[in-house]
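Values below: every heavy atom of this structure, side chains too, minus hydrogens, waters and symmetry copies.
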Amino acid sequence: MHGYSRLGTARVNGSPPSSPRFRHGRNKNTGGGRGSKQSILEKLVFVLISAVFRRRGVLLFAPLLYISGMLLYMGTVNFDVSFKNAVVVVHKRPPPGSVYRSPQVFQKLWSLMEAESNGTNNGLMSIWNFKLRQGWKPCVKKDISKAELPNSNGFFIIEANGGLNQQRISICDAVAVAGLLNATLVIPIFHLNSVWRDSSHFGEIYDEDFFIHALRHHVNVVRELPEDILQRFDNNISNIVNLRLKAWSSPTYYLQKVLPKLMELKAVRVAPFSNRLAHAVPSNVQGLRCLANFEALRFSQPIKTLAEKMVDRMVKNSSHSGGKYVSVHLRFEEDMVAFSCCEYGGGDEEKHEMDVARERSWRGKFRRRGRVIRPGANRMDGKCPLTPLEVGMMLRGMGFDNTTSVYVAAGKIYKAEKYMAPLKQMFPRLETKDTLATQEELAPFKGHSSRLAALDYTVCLHSEVFVTTQGGNFPHFLMGHRRYLYGGHAKTIKPDKRRLALLFDNPNIKWDAFKRQMRDMLRRSDQKGIEMRKASGSLYTFPMPDCMCKQAEASIESSNTTDT
């Protein structure tokens, strides 16, 4: 027997970047190959140079020295030669990116940055090229049909795990699945995550009444299971069968495997329910995702009230720039730094702290046999979290001067006093939730990381410019939400971290050259602000064309439909 389905017949990764592994054939010298020959040559040159200068037979070995010097110049031999107290010092040059040189670059460029800090050419006033705008408009149909929904096939229960936005994925996917199966969705249960440690319930983060009301013509939503259903399972929700679903399951899989169980048992649950629905699904299923994410999910009144106050304060603080401000999602917490296996010039103390943090959170993961930590390779591959200093230099190079108001959305910054100082030096009008809101206002949110993240999310959502530095669900959702609000354009700066690594590794770089690179990076971010969703992409990041239409199309559609 087949159940009734009204709808008929891409991965968002919330995890930190994957840990570095020993990669064969990449950044590795293999015996008998070019790397082996280069190593022998380096040793030979090192011995000869040392011997020559000990015996001071410079003229005798002049031809050899000339050849060696050329090899050094061309980069074939990784040695640096310097003079100290009339003594020649030869030492091996560290691999690119293995030394955190950004502070040296900053010290060299700071006086030039400061000279341009006059507020006459703030990038906020001319950042976007409006010729690129294509006039997209939200076209989620809120009320497709006024008819009553058919009788439900059963109750669909899910447990949303992870942080704020990973839970949001689960909620929206659950709405889509409930519509597909003609099931009644029970308000999602939030799993107490060992990392986020937030015990908040759905109604403490989202407006539960509005969520139910907004979906009423599409999916039945109830706060809890009816008493008669609970009694069938001895009043214990854990007794309801927990289905183990494949990741990225297709609608066909749900109709063939889940719907029969739902009709038989009248209640099924999926715990955890994370990334269990494919990105590429029929448009009617995508429509429910759009409706849930962009229209039905609103933050609870306490979050909304304080967040709006914070946005108003940022706008007021930015009156000199027309109320426009920059928001930055800064991922420089201790756990993120530890997971990246990057080094930031802190020496043995930093190494010890990172080893402790890695062992505390990942217990032996980084000590497995065959795993090699290569901080320099990670940095050059763009896998190191940008420091506050690097974010500041990037923004100053892009044309944002010291009159720019900046909001930093972040958790607890690693050694904040040390690492935040240069960012505050470059941007004196810098705010965080701890400076923008009073301690009394924040008190109800303390200890609830998802609620605090919701405050950050709202302030970032309404900024003129959003800067993402490390990836994750938070910036991916914001980019999509900002596309939805701002005519299809994300208004987001997404740095090229590989290019930045090369620039920050060069203490001799000129300020004009640095600015040219930053302006080019800004231009590329602007061009990529409007992107269509590809088959493997998520509509939470790319809402076009599933949730948005071109202006002309939207106006034609709206003229053919009326809301009552």
Side-chain angles (χ1 to χ4, degrees), residues 10-14 124 127-142 164-166 168-169 171-173 176 279-281 283 285-299 307 311 324-329 407 409 453-454 456-496 521-555 557-558:
R11 172 173 174 180
V12 177
N13 182 4
L124 271 173
I127 179 171
W128 308 121
N129 177 6
F130 290 97
K131 293 180 181 178
L132 295 175
R133 306 293 82 81
Q134 297 182 21
W136 288 86
K137 181 179 179 180
C139 58
V140 175
K141 297 180 180 179
K142 301 177 186 177
L164 176 72
N165 291 291
Q166 190 172 343
R168 192 176 183 121
I169 295 169
I171 295 165
C172 298
D173 284 358
H279 286 313
V281 296
S283 60
V285 180
Q286 292 286 45
L288 289 175
R289 275 173 158 164
C290 297
L291 180 63
N293 185 52
F294 296 113
E295 300 293 339
L297 280 177
R298 291 185 181 177
F299 290 126
V311 170
K324 298 177 179 180
Y325 61 92
V326 174
S327 63
V328 179
H329 184 225
Y407 180 83
D456 278 340
Y457 186 97
T458 306
V459 180
C460 291
L461 183 64
H462 295 287
S463 63
E464 175 67 15
V465 182
F466 172 63
V467 183
T468 173
T469 63
Q470 187 63 20
N473 284 321
F474 186 95
H476 288 159
F477 264 85
L478 266 168
M479 281 189 279
H481 207 154
R482 289 167 66 82
R483 284 189 173 102
Y484 190 79
L485 292 180
Y486 302 127
H489 189 264
K491 291 194 172 186
T492 297
I493 294 174
K494 191 174 181 182
D496 182 342
M521 198 176 295
L522 176 59
R523 186 169 58 253
R524 289 177 182 274
S525 287
D526 190 19
Q527 291 169 345
K528 285 185 170 290
I530 292 180
E531 285 190 272
M532 305 288 285
R533 188 183 70 83
K534 298 175 183 176
S536 60
S538 165
L539 66 73
Y540 305 121
T541 305
F542 305 101
M544 305 175 302
D546 303 276
C547 312
M548 304 184 73
C549 314
K550 285 290 189 67
Q551 286 274 18
E553 297 172 16
S555 60
E557 179 180 294
S558 62

Going through the distances and angles, do Ile530 and Met544 end up as a side chain to side chain contact (heavy atoms under 4.5 Å, CB included)? CA-CA 9 Å; Ile530 292 180; Met544 305 175 302; 3.8 Å; yes
So [Y] and [X], do their side chains get closer than 4.5 Å, heavy atoms only?
X: Tyr325; Y: Glu464; answer: no
X: Cys547; Y: Tyr484; answer: yes
X: Pro475; Y: Phe466; answer: yes

Non-neighbouring partners of Leu485 that pass side chain to side chain contact (heavy atoms under 4.5 Å, CB included), sequence neighbours left out: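 If we apply the side chain to side chain contact (heavy atoms under 4.5 Å, CB included) test to Leu485, skipping adjacent residues, the hits are Leu461, His481.
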Look up atom [atom1] in [X] and atom [atom2] in [Y], then write down how far apart they are to the nearest 0.5 Å.
X: Lys528; Y: Met479; atom1: NZ; atom2: CE; answer: 11.5 Å
X: Tyr486; Y: Thr492; atom1: OH; atom2: OG1; answer: 9.5 Å
X: Asp173; Y: Leu288; atom1: CG; atom2: CG; answer: 11.0 Å
X: Tyr407; Y: Ser463; atom1: OH; atom2: OG; answer: 10.5 Å

Go through the steps to decide whether Cys549 and Cys139 satisfy the test disulfide bond (SG atoms under 2.5 Å apart), and finish with yes or no. CA-CA 6 Å; Cys549 314; Cys139 58; 2.0 Å; yes
Hey, are Arg289 and Gln286 close enough side-chain-wise for a donor-acceptor pair under 3.5 Å?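 A donor-acceptor contact under 3.5 Å links the two side chains.
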Between Leu164 and Phe477, is a side chain to side chain contact (heavy atoms under 4.5 Å, CB included) present by the stated rule, with each step listed? CA-CA 10 Å; Leu164 176 72; Phe477 264 85; over 6 Å; no
One pair to check against side chain to side chain contact (heavy atoms under 4.5 Å, CB included): Ser327 and Val459. What are the steps and the verdict? CA-CA 8 Å; Ser327 63; Val459 180; 5.7 Å; no
Ile127 and Leu124: which non-hydrogen atoms are nearest, and at how many Å?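 So the two residues come closest at CG2-O, 4.1 Å.
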How close do Pro543 and Gly480 get, counting heavy atoms only, and between which atoms?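 Taking every non-hydrogen atom into account, CG-O, 3.6 Å.
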Going by side-chain contact (heavy atoms from CB on, under 4.5 Å), Lys494 matches just one of Thr468, Val467, Thr469. Which one?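 The residue from Thr468, Val467, Thr469 that satisfies side-chain contact (heavy atoms from CB on, under 4.5 Å) with Lys494 turns out to be Thr468.
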Would the distance check show the side chain of [X] and the main-chain N or O of [Y] forming a donor-acceptor pair, the cut-off being under 3.5 Å?
X: His489; Y: Asp526; answer: yes
X: Tyr540; Y: Asn473; answer: no
X: Thr541; Y: His476; answer: yes

Any idea how Tyr457 and Phe474 line up, ring-wise: parallel (<30°), tilted (30 to 60°), or perpendicular (>60°)?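 It falls in the perpendicular class, over 60°.
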Using the test salt bridge (charged side-chain N to carboxylate O under 4.0 Å, His left out), find all partners of Arg483 that sit at least two apart in sequence or belong to another chain.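 Checked Arg483 against salt bridge (charged side-chain N to carboxylate O under 4.0 Å, His left out); matches are Glu531.
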Given Asp546 and Arg533, is the salt bridge (Lys or Arg N to Asp or Glu O under 4.0 Å) satisfied, shown in steps? CA-CA 8 Å; Asp546 303 276; Arg533 188 183 70 83; 2.7 Å; yes
